[in-house]
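We use all heavy atoms of the structure for the numbers below, so side chains are in, but hydrogens, waters and symmetry mates are not. Worth saying up front: this structure is predicted, and the values here are computed from it rather than measured. Indexing begins at 1, ligand by ligand and atom by atom, following the structure's order.
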Amino acid sequence: MFIAGNWKLNCNISEALDLSSSISNILSGKNIQSEVVLFPPYIYLDPIRNIIKDNNISIGAQNCSNHVLGAYTGDISASMLSSIGCEYVIVGHSERRIGKLESNSDIALKANNVINSNMIPIICLGENAKAREEGNALKIIENQLNESIPKNIQNNNFIIAYEPIWAIGSGNIPSLDSINEMFNMIRQWLLNNNIDKDTKILYGGSVNKDNAKELFSCENLGGLLIGGVSLKAREFSEICLIAG
Ligand code: PGA
C-alpha cells in the first residue's frame, strides 16, 4: 500500500518537525511493507527529509509549477523539488483545481514536468456533489482522465488519486460499491491506454483509522491520500500499521 499524508497549509516549523519526528519514531523498527510519504509545505521539505530518511519514509510536494524555469515569481519547479530529494508531487488536487482555477491541461503539464524530473506525480481526480447526485461521476472522472493525464505515462511512472470533492474534509466517504465502480472504470481506462494493473490508484477524502480498514478491502486500492488525519501523528501512524 501507498500511504500519503497531505499536510496542506498547516504547521509552523517546530510543529512540522515535531509531527514528522513523532511519525518517524512511532513507525521506527516496525516491519512496514507499505510506502509512507509525507507531503508538508515546500519550506519544510528539506529539514523533514533529514528527520525521516533513516526510517523508510519519503517526502513529496503538494504542487509544482507548470513551467520549467524562468520569470515566474513565486513558482517552484519540479526539477527544484527533485534536487532536494522529493520523490513524489501531488498535482491537480481539487483545492487547486477550484481555488487556483487549475485546468486539466495545467495539471497534465505539471505531471509531465514531474515525470521529466524523475519523480512520480500523484494525479488527483474527483467529482463534486452535484455531479455525484446527478449520476455523472463516472463521466466527469473519465473526462479528467482524458485531459489531465499526460502523454508520457508508462507503467508505474504515475499514481492516480480518486478524491471525491464532497468527501474531502466532510466526514463522509462513498460506499465501497461506488468506490469499486469508480476504480474499475479507472482501471479499464488505464488498460485501454496500455497501462498494466500495477499502477496504483489511491482513495482520498475523510480517511481515518476507523474507515481505513474497510477501505483496504476495496479491490484495486493501491493506497490512501490522507489530509486532516495526517496531522495527527498517532492516528496517521496507526493507519500505516493497519496497511502493513
Ligand atoms: P481529508 O483530505 O483527508 O482531510 O478529507 C484529503 C485530501 O484533501 O487530500
Which pair of non-hydrogen atoms, one from Cys11 and one from Leu231, has the smallest distance, and what is that distance?
SG-CD2, 4.1 Å
Looking only at non-hydrogen atoms, find the nearest pair between Ser206 and Ile168 and report the distance.
OG-C, 4.3 Å
Ligand-side contact atoms (ligand 1) for residue partner [X], heavy atom cut-off under 4.0 Å:
X: Gly205; result: 5 (O)
X: Asn6; result: 9 (O)
X: Leu225; result: 9 (O)
X: Glu163; result: 6 (C), 7 (C), 8 (O), 9 (O)
X: His93; result: 7 (C), 8 (O), 9 (O)

Does any donor atom in the side chain of [X] or [Y] lie under 3.5 Å from an acceptor atom in the other side chain?
X: Glu163; Y: His93; value: yes
X: Gln154; Y: Asn152; value: no
X: Asn66; Y: Asn113; value: no

Mind checking whether Gly169 has a heavy atom under 4.0 Å from ligand 1?
yes
Please write down residue, atom name and distance for the protein heavy atom closest to atom 3 (O) of ligand 1.
Gly227 N, 2.8 Å
For atom 4 (O) of ligand 1, the protein heavy atom that lies nearest, with its residue and separation
Gly228 N, 2.8 Å
Test salt bridge (charged side-chain N to carboxylate O under 4.0 Å, His left out) on Glu235 and Lys209 and set out the steps.
CA-CA 6 Å; Glu235 187 168 351; Lys209 73 171 171 12; 5.1 Å; no
Which part of Ile168 is near ligand 1, with near meaning a heavy atom under 4.0 Å away: side chain, backbone, both or neither?
both
Describe, in one word, how the ring planes of Tyr88 and Phe2 are oriented to each other, choosing from parallel (under 30°), tilted (30 to 60°) and perpendicular (over 60°).
perpendicular
